[in-house]
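We use all heavy atoms of the structure for the numbers below, so side chains are in, but hydrogens, waters and symmetry mates are not.
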Amino acid sequence: YRVYGQDPQHFIDAERLINKALEVRPGFVPAKRQLGFLYSRQGKHELAEGLLLSCVREDPKDYKNSQIIAEFYYLRGEYQKAILFNEKAHELNPDILIPIQRLCHIYQLDDTTPQELKYWAQKGIPLIERQVNNDPHNESLRVQHALFLIWDGQKEAARKCIEEMPEHSD
């Protein structure tokens, strides 16, 4: 998706291909979901929102539908809507970290809800620790782990997490 912004033709090509897929298989929710995401990247927010909400209605048990509309609202600063859909995505698939991260980001912005931030941080810590254990040299994961620890109020553990990062050559 990062490549789309570099050349507007990528948006045109992607939209054409997704629409072709929808001609072959009308109502194919994964294609509609991608088209909605594409529209959001193009700034076509009303079209994007309509498509993404229709995906949730048509396949409410697929966490990806809730997650992508949550991301749409998160990026637009519509945090209450983002909270609802991130919570739904988490409910549908509690092993996915992204909805938990987004909820923590939102609650971090609102210092009136520290208990919500701590609640979601505690849900995320085991997931991020599993990822760090699977890829211990991934600095990005280690920083995310430290951030979850900070959100949970474990500042000393977060500092230790960062200090234990392997040296890198960059």
Common cluster, [X]/[Y], ILVMFWY with side-chain heavy-atom separation under 4.5 Å:
| X | Y | result |
| --- | --- | --- |
| Leu103 | Leu97 | yes |
| Leu117 | Leu109 | yes |
| Phe28 | Leu51 | yes |
| Tyr119 | Ile128 | yes |
| Ile18 | Val29 | no |

Counting distance only, does the side-chain N/O of [X] pair as donor-acceptor with the main-chain N or O of [Y] below 3.5 Å?
| X | Y | result |
| --- | --- | --- |
| Asn93 | Tyr63 | no |
| Lys155 | Ile150 | no |
| Asn133 | Glu129 | yes |
| Arg142 | His137 | no |

At their closest point, which heavy atom of [X] faces which heavy atom of [Y], and how far apart are they?
| X | Y | answer |
| --- | --- | --- |
| Leu149 | Cys161 | CD1-CB, 4.2 Å |
| Ala31 | Leu22 | CB-CD2, 3.8 Å |
| Gln67 | Ile98 | NE2-CD1, 3.6 Å |
| Ala70 | Ala82 | O-CB, 3.6 Å |
| Ala48 | Gly36 | CB-O, 3.2 Å |
| Cys104 | Ala121 | SG-N, 3.5 Å |

Hey, is [X] close enough to [Y] for a salt bridge, meaning N to O under 4.0 Å?
| X | Y | result |
| --- | --- | --- |
| Arg159 | Glu156 | yes |
| Arg76 | Glu49 | no |
| Arg33 | Asp62 | yes |
| Glu91 | Lys88 | yes |

So do the side chains of [X] and [Y] get within less than 4.5 Å of each other, counting heavy atoms only?
| X | Y | value |
| --- | --- | --- |
| Asn138 | Val132 | no |
| Ser40 | Leu75 | no |
| Leu38 | Leu35 | yes |
| Ile68 | Cys55 | no |

Measure the [atom1]-[atom2] distance between [X] and [Y] for me, rounded to the nearest 0.5 Å.
| X | Y | atom1 | atom2 | result |
| --- | --- | --- | --- | --- |
| His145 | Gln154 | NE2 | CD | 8.0 Å |
| Asp59 | Lys32 | CG | NZ | 10.5 Å |
| Ile83 | Thr113 | CD1 | OG1 | 7.5 Å |
| Gln101 | Ile106 | CD | CD1 | 12.0 Å |
| Gln144 | Gln131 | CD | CD | 7.0 Å |
| Leu52 | Phe37 | CG | CZ | 9.5 Å |

- Which pairs, with at least one residue in residues 14-25 and sequence neighbours excluded, count as a side-chain hydrogen bond (donor to acceptor under 3.5 Å, both in side chains)? Glu15-Tyr39

- Determine whether the aromatic ring centres of Trp120 and His105 lie less than 6.0 Å apart. no

- From CA spacing to verdict: side chain to side chain contact (heavy atoms under 4.5 Å, CB included), Ile162, Val143: CA-CA 7 Å; Ile162 295 298; Val143 169; 4.1 Å; yes

- Query: Run the side chain to side chain contact (heavy atoms under 4.5 Å, CB included) check on Gln80 and Leu84 step by step: do they pass?
  - Reply: CA-CA 7 Å; Gln80 290 307 310; Leu84 293 173; 6.0 Å; no

- Message: Set out, in order, the CA-CA distance, both residues' side-chain angles and the distance that settles side chain to side chain contact (heavy atoms under 4.5 Å, CB included) for Leu53 and Phe85, then state yes or no.
- Response: CA-CA 10 Å; Leu53 287 171; Phe85 285 104; 3.8 Å; yes

- Task: Mind running side chain to side chain contact (heavy atoms under 4.5 Å, CB included) on Tyr73 and Tyr79 for me, showing each step along the way?
- Result: CA-CA 7 Å; Tyr73 288 130; Tyr79 297 130; over 6 Å; no

- Residue pair Tyr107, Gln115: steps toward the side-chain hydrogen bond (donor to acceptor under 3.5 Å, both in side chains) verdict: CA-CA 9 Å; Tyr107 287 121; Gln115 70 281 5; over 6 Å; no

